[in-house]
Amino acid sequence: MTPLARRRLSLFAANRRGWWSLWIFLALFFLSLIAEFIANDKPIIMQYQGKYYFPVFTMYTEKSFGGDFETEASYRDPYLQHHIGEDGWMLFPPIHYGATSINYDLRVPVPSPPSAENWLGTDDQGRDVLSRLIYGFRISVLFGLLLTVFSSVVGILAGAVQGYFGGWTDLLFQRFIEIWSGLPELFLLIILASIVTPNFWWLLGILLLFTWMSLTHVVRAEFLRARNFDYVKAARALGVGEGRIMVRHVLPNALVAAMTYIPFVMSGGVTALTTLDFLGFGLPPGAASLGELLLQGKNNPQAPWLGFTGFVTIALMLVLIIFIAEAVRDAFDPRKGVKP
């Protein structure tokens, strides 16, 4: 590790709020990645007639366990549970409900309040709120991460071309960005949602068309400033190619400024997906999402645990991301000193 990298890591760790926020966020994200082993209506592992089965990874028909149908086995069916229990066993996750599982054994009207069976209650369709919260958290974070990566690549590339070449290239690109950023993003999403059925990748592509501009102005400014430095002129005089100068000599300096903005791009992506799901223009109906959970709370004021759960989760996620962003900003700030 270079001395500069060690200095930045020390500055990041010195911001205790951001340091602990990073570990808390990573822990929550890791738990969401293994959601199938935490909240699922299928056993993690089971044994039947001396053979081992892994329903989490493989789909088994009811006929595989002595049933009558070729459809997928319903492991919460009392008949099938009793049949398997006579000649085997099943190991379920701690939460016996998946993202779309419905609790048909409720004795109160839906949405039901928190109980020993459903720790955060159920929504107005009888689905477990905690399991949908875990799966929705994973979708939101993955969406934000992918949108941040793709937006950063496109935005940094566009800003680098603008700033390095300048002149007409910069002028035309700036006019294009001004026009493109003025388009009504939400209206376009509503129009397109009426034409095609939105899904994860469709939403990612549409939002990418607009979010890449958030980093362009920062990278452009750094390239405009650095393109006339002596070391850049010397490299050009020695015959070094323009692309190599941009990547090896100018881009590292521009990334320092861009890195401080990248966590905010992620928080914006998470918020955008939540907003679209809340308005009904996001993920397909039935998909677990935090925006859909907030919509459930809005439509069911008599069940305050729905809105409260969604609000606390989104607020906690955004607060952690912002605290991490503050620590990243301190780490890349050349004016910060490392305390002994």
What's the separation between atom CG in L91 and atom CD in Q47, rounded to the nearest 0.5 Å?
12.0 Å
With a 4.0 Å cut-off on N to O distance, would you call E72 and K42 a salt bridge?
yes
Check whether any side-chain N or O of R132 sits under 3.5 Å from a backbone N or O of A287 as a donor-acceptor pair, and report yes or no.
yes
Tell me whether R225 is salt-bridged to E222, with the criterion being a basic N under 4.0 Å from an acidic carboxylate O.
yes
Using only atom types and a distance under 3.5 Å, with no angle test, would you say the side chain of S131 pairs donor to acceptor with the backbone of G98?
yes
Do the rings of F176 and F173 sit parallel, tilted or perpendicular, given the 30° and 60° boundaries?
perpendicular
Go through it in stages, so that I can follow the logic: the residues are N118 and N103, the test is side-chain hydrogen bond (donor to acceptor under 3.5 Å, both in side chains), and I'd like the CA-CA distance, side-chain angles, deciding distance and then a yes or no.
CA-CA 9 Å; N118 304 106; N103 187 354; 2.9 Å; yes
Is a donor from one side chain sitting under 3.5 angstrom from an acceptor on the other, for Q174 and E178?
no
Is it the case that the side chain of S140 and the backbone of F137 share a donor-acceptor pair, with hydrogens and angles ignored and the cut-off at 3.5 Å?
no
Counting neighbours of OH on Y231 that are heavy atoms of other residues, nucleotides or ligands and sit closer than 6.0 Å, is the number greater than 12?
yes
Taking the side chain from T169 and the backbone from F165, do they hold a donor-acceptor pair closer than 3.5 Å?
no
Ring-ring centroid check W180 F210, cutoff 6.0 Å:
yes
Quick one: hydrophobic cluster around V108, which other residues, with the 4.5 Å side-chain cut-off, linked directly or via members?
none
In terms of side-chain geometry, is the basic nitrogen of E242 or R236 positioned less than 4.0 Å from the acidic oxygen of its partner?
yes
Separation of L172 CG from I177 CD1 (nearest 0.5 Å):
11.5 Å
Using distance only, find each side-chain donor-acceptor pair of residues 279-286 under 3.5 Å and give its atom names and separation, not counting sequence neighbours.
none

Hey, does the side chain of S151 reach the backbone of T148 with a donor-acceptor pair shorter than 3.5 angstrom?
no
side-chain hydrogen bond (donor to acceptor under 3.5 Å, both in side chains), that's the test. Do S64 and T61 meet it? Break it down for me.
CA-CA 5 Å; S64 304; T61 63; 3.2 Å; yes
Quick check against the 3.5 Å criterion: does N300 have a side-chain atom that pairs as donor or acceptor with the backbone of A303?
no
Is the closest side-chain donor-acceptor distance between D124 and N299 under 3.5 Å?
no
Within 45 degrees of the axis of the six-membered ring of Y164 and under 6.0 Å from its centre: does R227 put its NZ or CZ there?
no
How are the rings of F65 and Y53 set relative to one another: parallel (under 30°), tilted (30 to 60°) or perpendicular (over 60°)?
perpendicular
Begin from the C-alpha positions of F54 and Y48 and carry the test ring pair (Phe, Tyr, Trp, His ring centres under 6.0 Å) through to its verdict.
CA-CA 11 Å; F54 301 91; Y48 180 69; over 10 Å; no
Parallel, tilted or perpendicular for F12 and W19, by the 30°/60° rule?
perpendicular
In Å, rounded to the nearest 0.5 Å, how long is the span from CG of L294 to CG of L290?
7.0 Å
Non-neighbouring partners of R76 that pass side-chain hydrogen bond (donor to acceptor under 3.5 Å, both in side chains), sequence neighbours left out
Y97
